[in-house]
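Some notes on the structure that comes next.
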Amino acid sequence: MRTYRHAALIVFGLVGAFAMQSCAYGPMQAPTSAGMVVYTKGARQHTATLQIAQPPAEVYAGMLRALAKRPDLKVINNDEKRYLLEVTKDGKRLTGQATELDANSTLFFLWADAGESGQTGQNLALVAMRELCAELKIECKMQGM
């Protein structure tokens, strides 16, 4: 019984240490010219976030430039005041929103729904984030993908 308690303490200690370490990479870390993409897992749907040292208007403009390169996507919602853009293609849906943290920093949210396409939401989100990062000319590291 003593060995079981000792093992349990070690496991809980490691889980706690990893949880605290991951807090350093969360969305409230100081933004830089690089970004850390953090996401939640799901089969069809995923949510990813990216914090970057650019104003939301610039991130939104980057979303529009990336969209202009993809004529295969259909815009279903474009809200310039909220820096929100929603597109669809073959039952798949992407929604991106640039949210102001301060005058020069943005927290970008991406919601990906793969629908019945057979593709995963994770893959859809990964492709979309890479396209946005390339358009914004920033290096993005994917955490947990």
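Please read these numbers as outputs of a predicted model, since none were measured by experiment. Values below: all heavy atoms of this structure, side chains included; hydrogens, waters and symmetry mates excluded.
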- Query: Does the side chain of N78 come under 3.5 Å of the side chain of Y60 through a donor N or O and an acceptor N or O?
  - Reply: yes

- Message: Can you tell me how far apart CG (L132) and CG (L85) are? Round to the nearest 0.5 Å.
- Response: 10.5 Å

- Of E131, R65, E58, which meets side-chain contact (heavy atoms from CB on, under 4.5 Å) against L136? R65

- Answer yes or no: is there a side-chain heavy-atom contact under 4.5 Å between T95 and N77? no

- Query: How long is the gap from CD1 on I52 to CG on L101, to the nearest 0.5 Å?
  - Reply: 11.5 Å

- Test log, rule salt bridge (charged side-chain N to carboxylate O under 4.0 Å, His left out), inputs K81 and D79: CA-CA 6 Å; K81 290 181 181 180; D79 188 338; over 6 Å; no

- Message: Same cluster or not: L110 versus L64, using hydrophobic residues (I, L, V, M, F, W, Y) connected whenever any side-chain heavy atoms lie under 4.5 Å apart?
- Response: yes

- Message: Using 0.5 Å steps for rounding, measure from the CE atom of M129 to the OG1 atom of T49.
- Response: 6.5 Å

- What are the two closest heavy atoms between H46 and Q122, and how far apart are they? CD2-N, 2.8 Å

- Looking at K92 and D90, does any basic side-chain N land under 4.0 Å from a carboxylate oxygen? no

- Query: Does G91 offer a backbone N or O that forms a donor-acceptor pair with the side chain of E116 under 3.5 Å?
  - Reply: no

- Start with the C-alpha distance between C133 and L50, add both sets of side-chain angles, then the distance that settles side chain to side chain contact (heavy atoms under 4.5 Å, CB included), and finish with yes or no. CA-CA 9 Å; C133 290; L50 172 66; 4.0 Å; yes

- Are any non-hydrogen side-chain atoms of W111 and R93 less than 4.5 angstrom apart? no

- In chain order, what residues pass the side-chain hydrogen bond (donor to acceptor under 3.5 Å, both in side chains) check against K69, with sequence neighbours excluded? E135

- Message: Could you report the tightest heavy-atom contact between A98 and T106, atom names first, then the distance?
- Response: CB-CG2, 3.7 Å

- Quick one: does I138's side chain get under 4.5 Å of Q54's, heavy atoms only? yes

- Do the side-chain N and O atoms of S105 and D102 include a donor-acceptor pair separated by under 3.5 angstrom? yes

- Message: Are L67 and L84 linked, directly or through intermediate hydrophobic residues, by side-chain heavy-atom contacts shorter than 4.5 Å (ILVMFWY only)?
- Response: no

- Message: Return the CD to OG1 distance between Q51 and T99, rounded to the nearest 0.5 Å.
- Response: 11.5 Å

- Message: Working note: L73 + V75, criterion side chain to side chain contact (heavy atoms under 4.5 Å, CB included); need CA distance, chi angles, decisive distance, verdict.
- Response: CA-CA 7 Å; L73 298 175; V75 176; over 6 Å; no

- Task: Taking ring pair (Phe, Tyr, Trp, His ring centres under 6.0 Å) as the test, write out the residues that go with F108, two or more places apart.
- Result: none

